[in-house]
Asks: 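Take a look at the following structure, please.
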Amino acid sequence: MELTRAAIEQVVQTALREDVGAGDLTTEAVIAASARCGAELVLEEPGVVCGLDAARAVFEALDPRARIELLVEEGSFLARAPVALARIEAAARAVLTGERTALNLLGRLCGIATLTARYVERVEGTGARILDTRKTTPGLRALERYAVRCGGGSNHRDGLYDAILLKENHLRLAGGIGAALAALGERDGTPVEVEAETLAEVAEALAGGAPRILLDNMTVEQVGEAVAAVAGRALLEASGGISLATVRAYAETGVDFISVGALTRAAPALEVALEVR
């Protein structure tokens, strides 16, 4: 799922309708329609920059004549703060009305990118790749997955429509791993993954021809045993409660992927501000 201009604008329009509604009563009461101003978007704590295009789209939606100069590149890690990220020249009403929407998006995406970068740094040199999950904010998936990529992570499936992941409840209703895999038949290249909670289920998934197995809520020791037992015959993904404190140990088992729902579900937003000049 690529981050397109259309995807950004869809989010921005929804967010502005939610916040502005029929109009910004405060700004329209005290700021002349003809007034223009300059402002800066500022990152107030160290982190990975992400979401500048979304912030720019907010001000351009409110003032098509707005000029936004980006001062840093997306994906950059800034070790010191505060740092100006962009300069804005636009109608003063547009700047004030769009301020909170732009900051909400920018802070959220910087936070996701920064947390992802911390996970990626922890597994450096192991060969394991950090993945996101479908635990995204409804309506923001394209932007949040983009933020994961900005932080050096990789994306899992886009949604339910582009890959098959046989999870616990699917397997219960289908009659087990073997029956579920048999029911799939030939899938003409559609990615297929099977969730396994025990080493016995790993063996069953392997016997059924699963090309990729998700090791759900297993200990580091169990994941290591699964890696040894599978011996490269299927790709392995560890998932379930893996934290910054434990991710290195999981990566060192030799597992191929580590998926972390916290990247998009629990990343704290970074502090960002808009300062009128």
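These numbers were taken from a predicted model, which means no experiment stands behind them. We number each residue from 1, following the sequence as shown.
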Asks: Any chance you could measure C110, atom SG, to L103, atom CG, to the nearest 0.5 Å?
Replies: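 If we round to the nearest 0.5 Å, C110:SG and L103:CG are 10.5 Å apart.
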Asks: With a 4.5 Å cut-off on side-chain heavy atoms, are E225 and V202 touching?
Replies: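 No; the side chains remain at least 4.5 Å from each other.
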Asks: Begin with the C-alpha distance, continue with both residues' side-chain angles, and end with the deciding distance and a verdict on side chain to side chain contact (heavy atoms under 4.5 Å, CB included) for R56 and I8.
Replies: CA-CA 10 Å; R56 172 164 53 189; I8 294 174; over 6 Å; no
Asks: Are D132 and E144 side-chain neighbours, meaning at least one heavy-atom pair lies under 4.5 Å?
Replies: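 The answer is no; the side chains never approach within 4.5 Å.
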Asks: Of all residues at least two apart in sequence or in a different chain, which pass the side-chain hydrogen bond (donor to acceptor under 3.5 Å, both in side chains) check with Q13?
Replies: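 Result, side-chain hydrogen bond (donor to acceptor under 3.5 Å, both in side chains) vs Q13: none returned.
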Asks: Rounded to the nearest 0.5 Å, what separates atom CZ in R134 from atom OG in S259?
Replies: 12.0 Å
Asks: Look up atom CG in L109 and atom SG in C150, then write down how far apart they are to the nearest 0.5 Å.
Replies: 8.5 Å
Asks: How long is the straight-line distance from CG of L70 back to CD1 of I88, given to the nearest 0.5 Å?
Replies: 9.5 Å
Asks: For the CZ atom on R129, are there more than 12 heavy atoms of other groups (residues, nucleotides or ligands in this structure) within a distance under 6.0 Å?
Replies: no
Asks: Taking the side chain as everything from C-beta on, heavy atoms only, tell me whether L263 gets closer than 4.5 Å to I130.
Replies: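 They are in contact (side-chain heavy atoms under 4.5 Å apart), so the answer is yes.
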Asks: Does any non-hydrogen side-chain atom of T264 lie less than 4.5 Å from one of L140?
Replies: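 SC-SC contact between L140 and T264 ruled out.
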Asks: Would you mind telling me which of V58, V20, D19, D63 makes a side-chain contact (heavy atoms from CB on, under 4.5 Å) with T97?
Replies: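 Passing option: V20.
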Asks: Looking at R93 and D24, does any basic side-chain N land under 4.0 Å from a carboxylate oxygen?
Replies: no
Asks: Does R80 CZ have over 12 foreign heavy atoms under 6.0 Å away?
Replies: no
Asks: How close do E74 and D53 get, heavy atom to heavy atom, and via which atoms?
Replies: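 Closest heavy-atom pair between E74 and D53: OE2-N, 4.3 Å.
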Asks: So, for A92 and I31, which heavy atoms are closest and what is the spacing to 0.1 Å?
Replies: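 So the minimum-distance heavy-atom pair works out to CB-CG2, 3.8 Å.
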Asks: Using the rule that Ile, Leu, Val, Met, Phe, Trp and Tyr join whenever any side-chain heavy atoms are under 4.5 Å apart, tell me whether V83 and L52 fall into a single cluster.
Replies: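 The answer is yes; both residues are in one hydrophobic cluster.
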Asks: With ILVMFWY side chains joined below 4.5 Å, transitively, what does L181's cluster contain besides itself?
Replies: I164, L166, L171, I177, L184, V192, V194
Asks: Given V220 and T246, is the side chain to side chain contact (heavy atoms under 4.5 Å, CB included) satisfied, shown in steps?
Replies: CA-CA 9 Å; V220 172; T246 61; 5.5 Å; no
Asks: Any heavy-atom pair between the side chains of T116 and V48 that's under 4.5 Å?
Replies: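 A side-chain contact under 4.5 Å is absent here.
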Asks: Hey, is the main chain of L270 close enough, under 3.5 Å, to the side chain of E45 for a donor-acceptor pair?
Replies: no
Asks: In terms of heavy-atom contacts, does CD of E44 have more than 12 from other residues, nucleotides or ligands at under 6.0 Å?
Replies: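 Atom CD in E44 is packed in, count exceeds 12.
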Asks: Where do E168 and E195 come nearest, in terms of heavy atoms and distance?
Replies: N-OE2, 3.1 Å
Asks: Nearest 0.5 Å, please: how far is OG1 in T14 from CD in E9?
Replies: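 These two atoms lie 11.5 Å from each other.
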Asks: Should V42 and I68 be counted in the same cluster of Ile, Leu, Val, Met, Phe, Trp and Tyr side chains packed under 4.5 Å apart?
Replies: no
Asks: Provide the closest heavy-atom pair for T101 versus A15 in the form atom of the first, atom of the second, distance.
Replies: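 Between these two residues, the closest heavy atoms are CG2-CB, 3.7 Å.
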Asks: L215 and Q222: side chain to side chain contact (heavy atoms under 4.5 Å, CB included), yes or no, with the steps?
Replies: CA-CA 9 Å; L215 309 174; Q222 289 171 322; over 6 Å; no
Asks: Mind checking salt bridge (charged side-chain N to carboxylate O under 4.0 Å, His left out) for E197 and listing every partner two or more places apart, or none if nothing turns up?
Replies: none
Asks: Quick one: does E237's side chain have a donor or acceptor within less than 3.5 Å of a partner on D256's backbone?
Replies: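 Not a single qualifying donor-acceptor pair exists.
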Asks: Work out which heavy atom in L244 is nearest to a heavy atom in Y119; give both atom names and the distance.
Replies: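 Result for this residue pair: N-OH, 3.4 Å.
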Asks: For H156, is there any backbone N or O sitting under 3.5 Å from a side-chain donor or acceptor partner on R145?
Replies: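 Indeed, once roles are kept as given, a pair shorter than 3.5 Å links the two residues.
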Asks: Looking only at atom types and distance, does a side-chain atom of R67 sit under 3.5 Å from a main-chain N or O of E89, one as donor and one as acceptor?
Replies: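 No: the side chain of R67 does not pair with the backbone of E89.
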Asks: Is there a side-chain contact between L41 and V272 in this structure, where contact means two heavy atoms from C-beta onward sitting under 4.5 Å apart?
Replies: no
Asks: Hydrophobic clusters here meaning ILVMFWY residues chained together by side-chain heavy-atom distances under 4.5 Å, can you tell me if I242 and V255 are in one?
Replies: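 Yes; tracing contacts between hydrophobic side chains, which count when under 4.5 Å, links both residues.
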Asks: Any non-hydrogen side-chain atom of L274 less than 4.5 Å from a side-chain atom of L96?
Replies: no
Asks: Do I112 and L115 share a hydrophobic cluster, counting only Ile, Leu, Val, Met, Phe, Trp and Tyr and linking them when any side-chain heavy atoms are less than 4.5 Å apart?
Replies: yes
Asks: Walk me through whether L106 and L85 qualify under side chain to side chain contact (heavy atoms under 4.5 Å, CB included).
Replies: CA-CA 10 Å; L106 183 61; L85 304 179; 4.1 Å; yes
Asks: Look only at the side chain of D162 and the backbone of G159, and say whether a donor-acceptor pair between them is shorter than 3.5 Å.
Replies: yes
Asks: Is there side-chain contact between T136 and L143, with heavy atoms separated by less than 4.5 Å?
Replies: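 T136 vs L143: side chains apart.
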Asks: Under the 3.5 angstrom rule, does the side chain of T114 hit a backbone N or O of G111 as a donor-acceptor pair?
Replies: no
Asks: Distance-only, no hydrogens or angles: does the T253 side chain make a donor-acceptor pair with backbone N or O of Y250 under 3.5 Å?
Replies: yes
Asks: Does R87 reach the main-chain N or O of E69 with its side chain, forming a donor-acceptor pair under 3.5 Å?
Replies: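 Absent.
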Asks: For the pair R141 (side chain) and D158 (backbone), establish whether a donor and an acceptor sit closer than 3.5 Å, ignoring hydrogens and angles.
Replies: yes
Asks: Are more than 12 heavy atoms, taken from residues, nucleotides or ligands other than R118, located less than 6.0 Å from that residue's CZ atom?
Replies: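 Incorrect, the count does not exceed 12.
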Asks: Is a donor on one side and an acceptor on the other found under 3.5 Å between the side chain of R108 and the backbone of A267?
Replies: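 Yes.
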Asks: Is it the case that atom CZ in R65 sees more than 12 heavy atoms from other parts of the structure closer than 6.0 Å?
Replies: no
Asks: Are R277 and E275 within salt-bridge range, i.e. N to O under 4.0 Å?
Replies: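 Yes, charged N to carboxylate O under 4.0 Å.
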Asks: Linking I/L/V/M/F/W/Y whenever their side-chain heavy atoms sit closer than 4.5 Å, directly or via other members, would L131 and V247 fall into one cluster?
Replies: no
Asks: Taking atom CD of E201 and atom CG of L206, what is their separation to the nearest 0.5 Å?
Replies: 13.5 Å
Asks: Could you report the tightest heavy-atom contact between A81 and P46, atom names first, then the distance?
Replies: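 In this case the closest contact between A81 and P46 is CB-N, 3.9 Å.
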